[in-house]
Each structure stands twice: as structure tokens, then as C-alpha cells.
Protein chains: 2
Amino acid sequence: MEAVLTAAVALLDEAGQSALTFRALASRLGTGVGTIYWYVSNKDELFDRATDHAVGGILTAVEELQESDDPIADLRAMAVVLFDAMMDRPWLAAYFMRNTDVQGHSLRLYDKLGRQTLRLDLTPRQRFHAVSAITGVVVGTAADLGAELPQELLDGDVDRVEYLSRYAETWRSLDAADFPFVHEIADEFAEHDDREQFLAALDLTLAGLRLQAGPRAPKDNATKSDPTANGSRPTP
Amino acid sequence: MEAVLTAAVALLDEAGQSALTFRALASRLGTGVGTIYWYVSNKDELFDRATDHAVGGILTAVEELQESDDPIADLRAMAVVLFDAMMDRPWLAAYFMRNTDVQGHSLRLYDKLGRQTLRLDLTPRQRFHAVSAITGVVVGTAADLGAELPQELLDGDVDRVEYLSRYAETWRSLDAADFPFVHEIADEFAEHDDREQFLAALDLTLAGLRLQAGPRAPKDNATKSDPTANGSRPTP
DNA sequence: ACCTGAACACCGTTCAAGT
DNA sequence: ACCTGAACACCGTTCAAGT
């Protein structure tokens with residue numbers, strides 16, 4: 001079992017999603033395809049277990065983080081670790097946190113994140129939504145990366161900067177009156193850095209969360225929280 | 001071409017991602033598989049074009065929205081329209097905004113969204129990041145929905161509430177000391193509504209954006225913006 | 001309990017051949 | 001210019017048969 005998962009992860013690392021087939025996995029393990037079906041009941045489960053196997057490593061990295069006195073800063077640090085792991089392994093995003101029945105490490109990681117929200121002045125529902133929002137930003141951005149790479153880039157015919165600037169070129173050539181925004185950010189797009197983009201999205205979410213969590217200054221635990229300003233908020 | 005795309009969208013609507021095959025599409029159109037390859041060079045492009053075809057409808061819905069004096073409220077309204085369309089068609093999220101070469105409607109929609117950020121006191125880069133963050137929330141949450149449905153649900157063996165409460169049951173049975181957060185939100189999860197969860201995530205992002213856009217009160221255009229507090233922010 | 005691999009049904013894609 | 005469908009290489013999954 002252990003061997004099956006490490007081999008599966010290796011295949012995914014080497015050549016991405018499409019490289020993980022029962023046949024490829026079997027031949028790497030030196031066995032028949034049927035063998036794998038003894039450990040795993042279908043391909044979805046294979047992906048789930050391979051993903052969780054990789055999440056194991058992320059979990060230990062997250063557990064090594066020092067807890068600060070600012071829960072939101074801690075959430076940020078964890079999200080960054082998670083995102084960086086997904087940049088290394090773009091295939092991770094697709095199956096991350098699906099089916100926690102099988103994904104024990106993922107559930108632990110989810111709890112690790114959520115525990116920080118317990119330190120904030122929020123309702124259970126707000127906590128649930130906050131963690132979902134944060135994992136959503138991580139997975140959403142990372143899933144884009146996994147899908148973003150077209151053939152040309154993987155084949156090495158074109159490098160990333162050329163690819164992006166060709167896009168920007170097309171965008172600049174559009175009618176500025178018709179596409180004012182696309183025109184405005186064409187240059188930004190050409191030079192954009194995925195990690196920076198992720199951090200920007202994450203920080204918007206965290207800023208919103210900080211606002212929601214109440215008036216206490218970020219790292220100031222001396223001030224008692226204002227009971228009139230607890231987290232409850234009318235549903236939009 | 002038009003007929004190919006409407007047939008493709010119909011297949012996707014009826015039975016999801018996996019139902020769109022060249023053979024199924026050909027037989028629905030009463031032709032051979034080869035015919036489709038004359039209109040489209042591979043399956044990715046087929047998905048891209050089918051997605052953009054559907055986005056056409058979303059675009060007109062978005063264009064019918066009235067512009068208010070609050071750009072952030074307008075962004076919110078557009079995001080909600082987009083999300084609702086994706087709840088109707090969970091297959092949309094997977095290919096949305098990939099390859100705007102082929103997706104003319106998507107590019108227009110992207111510009112529509114971005115135009116609202118032009119009304120905010122932000123740098124081009126912040127505008128670019130803001131729109132990416134917002135579409136990320138929409139697509140990220142919607143992609144979850146598309147993937148979330150396991151076999152049991154599609155087969156109708158189990159309905160949604162039973163499925164969720166079975167999960168919650170498992171979560172409650174975990175050691176509360178080991179999984180304090182999962183324990184805390186088990187009930188929330190059992191009753192969670194996807195749309196509400198989306199709105200919560202969106203509102204966190206928008207709250208962050210409002211903060212970033214400067215000190216002006218949301219709907220107050222009388223106050224001159226404070227030049228010392230423009231949107232620039234040190235990169236984290 | 002664990003392994004094997006031929007067999008089945010189904011893909012995307014190509015291409016020589018047609019109108 | 002547009003259509004056709006057999007053929008190819010490759011999937012996931014099953015299962016009778018082995019140890």
C-alpha cells in the first residue's frame with residue numbers, strides 16, 4: 001500500500017495528472033494492473049489517497065510553524081505553506097480535501113487551520129465560512145496553476161514570459177474603448193507572478209476576516225473585546 | 001458550428017462533464033466523429049468553446065444589471081450572477097476563463113468586472129489582483145460544487161442532507177481534544193448552504209477590497225479621497 | 001490474503017476516402 | 001469546403017485463475 005502511494009506520487013510529480021494510469025503504475029511497481037485494485041477500489045480513490053499521502057508532508061511542515069499571538073497571522077502562514085506545496089505539485093489542488101473519509105491528513109490540516117479561528121471572536125458559522133474561504137483561495141489559485149499550463153509550455157516550445165507577453169500583446173491590440181480594463185492591466189498580466197497574486201487574494205480575505213473578528217488591534221490581547229461588536233452579522 | 005456548441009452544452013447540462021464525448025456529440029448531431037474535428041481541433045477546445053457559448057448568456061445577464069454609485073456593490077452583484085449560473089451548470093467552472101483566445105464572451109465578462117475597479121482608488125496591479133481574487137472566489141467555490149457530488153448523490157441512493165449529516169456524524173465521533181475545530185463546526189457543515197458559503201467568502205474579499213480602496217465611505221462621493229491614503233501597499 | 005493479465009467497453013484522435 | 005467512419009493507441013475496470 002505504502003509502495004503504491006509513493007509510486008503514484010512519483011508518477012504525478014514526474015509528469016502530472018495524466019501520467020497516473022493503472023498501467024503505468026503497475027509497470028513501475030513491476031506487477032499487474034489487477035494488483036492495484038486490491039488496494040484501491042477505483043481511480044478516484046487512488047487520487048484521493050495519493051493526494052492525502054502528499055498532504056502528510058504538508059501537515060508536518062505546518063505543525064512546525066510557531067504559533068504567534070495573532071491567529072490571523074498564523075492562518076496566513078499556514079495558507080502560504082499550503083500554497084507553496086501546491087506550486088511544487090500542481091496536481092495536488094484537484095483532489096485536495098475531497099472525501100476526507102479517505103484523507104486523514106487533510107482532515108487534520110483542516111482542523112489545524114480551523115483551530116486558529118477558535119481564537120477569534122466569531123460564531124461557529126463564521127469560523128466555518130472563514131476556513132472555507134481561506135482554503136478556497138489556496139486551492140482556487142493553485143488549481144488555476146495546474147490547469148494554466150498549455151501544451152506549448154509543457155513541450156518547452158515557448159517559455160512562460162513569452163507566452164504571457166504574447167497574450168498581453170493581443171490584449172493591447174483590442175479597442176481601448178471596448179475593453180478599458182483589459183487594456184489597463186495588459187502589462188500587469190504580462191509580468192504577473194502567481195504567488196504574488198495568491199498573496200494579494202489571501203490578504204484581501206484576511207483583511208475582511210480581521211474586520212469581522214472585531215475591533216481588537218491585531219496583536220493586542222490586553223484590550224478586552226467589545227461585547228457589542230461580536231462577530232454576528234446579518235446574512236446578506 | 002453553432003449547432004455543435006448548443007448540442008455540446010445540452011449534453012453537459014443533461015449529464016455533466018463526462019457525458020461530452022465526441023461519439024455522443026456526433027450521434028446527437030447525426031454525423032460522424034470526424035465532422036466535429038473540422039470545427040474544433042481537440043477536446044480542450046471543444047470544452048473551451050462550449051463554456052464560452054454558455055458564458056454568452058451570463059454576459060447578457062450581467063449587462064442587464066444596473067450600475068449603482070458603489071463599484072464594490074456592483075462587483076458583488078456581478079459575482080453573484082456568475083455564481084448562480086455556475087450552480088445551474090456545475091461543469092462551467094472547470095473551463096471558465098481558460099484560454100481567452102477562444103473565449104470571447106469570457107474576456108468581455110472579465111472586462112465588465114474589471115471596469116468597476118477603475119472606479120476605485122487603486123493601482124493597476126491592485127485592480128488586476130482584485131478581479132483575480134473575485135473570479136477566484138466564484139470559480140473556486142463553484143468548482144468545488146462540480147466535484148463535490150459523489151456517486152451516491154448522482155445515483156439518487158442518498159439525498160444531500162443525509163449525505164452531509166453522515167459526514168457530520170463521523171466528525172462528531174472524533175476525539176474533541178484532537179479535532180477541536182472539526183468538532184465545533186460539524187453541525188454547521190451538516191446544514192451548510194453552498195450559496196451562503198460563497199457569499200461569506202465573497203464578502204470577506206470585498207470587505208478587504210473596500211479597506212484597500214481607501215477611506216471614502218462606500219456610497220459617499222462627496223468626500224474627496226485622501227491622497228496620503230491611496231491604495232499602494234507594501235508587497236507582503 | 002494477495003497477485004496476475006487477458007478481455008471488455010469505451011475513450012480521443014487520425015486519415016484515406018468520399019461529396 | 002465539408003463530411004464519413006473504420007482503424008489505432010490508450011484508457012478504467014472486471015474476473016477467472018493462480019499462489
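Residue numbers start from 1 in every chain, and the chains themselves are labelled A, B, ... in the order their sequence lines are given, proteins ahead of strands. Bear in mind the structure is a predicted one, so any value in this text is a computation, not a measurement.
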Donor-acceptor pair, side chain of B:His183 and main chain of B:Leu174, under 3.5 angstrom: yes

Same-atom distance (C1') from C:dC8 to D:dC11, integer angstrom: 12 Å

Span that lies between the P atom of C:dC2 and that of D:dA17, in whole angstrom: 22 Å

Assigned partner base of C:dT13, Watson-Crick or wobble definition, under 3.5 Å: D:dA7

Separation of atom CE in A:Met1 from atom P in C:dC2, rounded to whole Å: 12 Å

Nearest-Å distance for atom pair CD1/P, residues B:Ile36 and C:dT13: 11 Å

Separation of atom CZ in A:Arg23 from atom C1' in C:dT4, rounded to whole Å: 14 Å

Distance, rounded to the nearest Å, where A:Asp44 contributes CG and D:dT13 contributes P: 8 Å

Short side-chain N/O contact to D:dC3 OP1/OP2 from B:Thr31, under 4.0 Å: no

Whole-Å distance separating the NZ atom of A:Lys43 from the C1' atom of C:dC11: 12 Å

Nearest listed nucleotide, side chain of A:Val33, among C:dC3, C:dC11, D:dT13: D:dT13

Note: A:Glu169-A:Arg166 ion pair, threshold 4.0 Å (strictly below): no

Toward the 5' end of DNA chain D, by each residue's nearest nucleotide, B:Gly30 or A:Ser18: B:Gly30

Check: A:Thr117 and A:Leu75 side chains under 4.5 Å, non-hydrogen atoms: yes

side-chain N/O B:Tyr37 vs D:dC2 OP1/OP2, d < 4.0 Å: no

Atom-to-atom span, CG of A:Asn42 to P of D:dC15 - whole angstrom: 15 Å

Sugar-phosphate, base or nothing in reach of A:Thr21, heavy atoms under 4.0 Å: sugar-phosphate

Of A:Phe22 and A:Gly34, the one whose closest DNA chain D nucleotide lies more 5': A:Phe22

Interatomic distance where CH2 belongs to A:Trp38 and P belongs to C:dA1 [whole Å]: 8 Å

Spacing between B:Leu20 atom CG and C:dC11 atom P, to the nearest angstrom: 11 Å

Check: B:Arg115 side chain, A:Pro180 main-chain N or O, donor-acceptor pair, under 3.5 Å: no

Test item: side-chain donor near acceptor, A:Asp52 and A:Tyr95, under 3.5 Å: no

